[in-house]
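The structure under discussion appears below in the form of structure tokens.
Keep in mind the model is a prediction, meaning the values are calculated, not measured.
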Amino acid sequence: MTGLSRILLTGAACSGKSALVAEMRTRGWAISRDPGARVIRAETATGGTGQPWVDAGRHARLMLKMAVADYEALREGAQLFDRGVLDAALAMGAANAPAAEYFTRYPYHTSVVLAPPMRAIFDAATPQPEQAKPDWDRANADYETLTDTLARLGYRPLLLPEAGIADRADWLAARLADET
């Protein structure tokens, strides 16, 4: 993976990103799990209020702190990030706490793996018990904000195809091999 280090996988809610990351992990990839989901689990387990539906600002701040720590922890090699600093900075902005400086301070590889909204995957998705499933319109609006931000920052999207997990993992491995 010469030239690749921090590969961002981002996109619509309930579009199969975490399942793909889990499959890539079984194939030997170093991964970083979704910081937003990890914050929700930790806050729920400890009785905290950092769930986005309880305190969006707290959730965004904790997510950003965790995403930055994940980013800085990578010292060598390649790693696939299931969401990351970019997503957390967007969450900060949505919570009226701008964090645009993080977009340039913590860059990812220029090709970002982008999971578009896919109705079949969205409808079949079963969020973790501590998570609320977003509505379809909100997922699409968030995706539009994300794609606009990626374009403005000069990232090149690699659009994840609608396919089974194994096929998506094969596709991703081939695309990343092309990037080297």
Q.
Show the nearest heavy-atom pair for residues A67 and G84, with the distance to one decimal.
A. CB-C, 3.7 Å
Q: Evaluate the side-chain proximity of L9 to L20: yes if any heavy-atom separation is below 4.5 Å, no if none is.
A: yes
Q.
With a 4.5 Å cut-off on side-chain heavy atoms, are E43 and R58 touching?
A. yes
Q. For A163, what residues pass the side-chain contact (heavy atoms from CB on, under 4.5 Å) criterion, not counting sequence neighbours?
A. D167, R168
Q: Determine, using the 4.5 Å side-chain heavy-atom cutoff (strictly less than), whether L159 and L153 are members of one ILVMFWY cluster.
A: yes
**Q.** Verdict with reasoning, Q79 to S5, per side-chain hydrogen bond (donor to acceptor under 3.5 Å, both in side chains)
**A.** CA-CA 6 Å; Q79 186 164 321; S5 60; over 6 Å; no
**Q.** Donor on one side chain, acceptor on other, R156 and T110, under 3.5 Å
**A.** no
Q) Should I121 and L114 be regarded as members of a common hydrophobic cluster, given that ILVMFWY residues are connected when their side-chain heavy atoms come within less than 4.5 Å of each other, either directly or indirectly? A) no
Q: Could you tell me whether the side chain of V112 reaches within less than 4.5 Å of the side chain of L158, counting heavy atoms only?
A: no
Q) Donor-acceptor pair, R175 side chain versus V113 backbone, under 3.5 Å? A) no
(Q) Under 4.5 Å between side-chain heavy atoms, counting indirect links through other Ile/Leu/Val/Met/Phe/Trp/Tyr residues: same cluster for M92 and V39 or not? (A) no
(Q) According to ring-ring contact (aromatic ring centres under 6.0 Å, His included), does anything in residues 58-98 pair up with another residue at least two apart or in another chain? List the pairs. (A) Y71-Y106, Y71-Y108, F81-Y108
Q | D82 and R25 ion-paired at < 4.0 Å | A | no
Q) Does a side-chain N-to-carboxylate-O contact under 4.0 Å join D142 and R138? A) yes
Q. Does some side-chain heavy atom of L172 sit less than 4.5 Å from a side-chain heavy atom of L80?
A. yes
Q.
Can you give me the closest heavy-atom contact between G16 and I165, atom names plus distance?
A. O-CD1, 4.5 Å
Q: Report the C-alpha distance between D34 and S18 in whole Å, list the side-chain angles of each, state the deciding distance to 0.1 Å, and finish with yes or no for side-chain hydrogen bond (donor to acceptor under 3.5 Å, both in side chains).
A: CA-CA 7 Å; D34 180 347; S18 296; 4.8 Å; no
Q. Does some side-chain heavy atom of L86 sit less than 4.5 Å from a side-chain heavy atom of L146?
A. yes
**Q.** Nearest-0.5 Å distance, CZ of residue R6 to CG of residue D70
**A.** 10.5 Å
Q) What heavy-atom pair brings M63 and A91 nearest, and what distance separates the two atoms? A) SD-CB, 4.4 Å
Q: Measure the CG-NZ distance between L160 and K17 for me, rounded to the nearest 0.5 Å.
A: 9.5 Å
Q: Please tell me if the side chains of L8 and H109 come closer than 4.5 Å, counting only heavy atoms from C-beta onward.
A: no
**Q.** Taking every non-hydrogen atom, the tightest pair across E23 and T26
**A.** O-OG1, 2.6 Å
Q. I40 versus P52: any side-chain heavy-atom pair under 4.5 Å?
A. yes
Q | ring-ring contact (aromatic ring centres under 6.0 Å, His included) partners of residues 135-165, not counting sequence neighbours, each pair once | A | F122-W136
**Q.** 4.5 Å side-chain heavy-atom contact, S32 and R38
**A.** yes
Q: Locate the shortest heavy-atom distance separating P116 from S15; write the atom from each residue and the value.
A: O-CB, 3.7 Å
Q) Could you state the interatomic distance from CG (L90) to CG (L64), rounded to the nearest 0.5 Å? A) 10.5 Å
Q.
Between V85 and F103, is there shared hydrophobic-cluster membership here, with clusters defined by ILVMFWY side-chain heavy atoms closer than 4.5 Å?
A. yes
Q. What pair of heavy atoms forms the shortest contact from A169 to R27, and how long is it?
A. CB-CZ, 3.3 Å
**Q.** Approximate separation, where rounding is to 0.5 Å, of N140 CG and R119 CZ
**A.** 8.5 Å
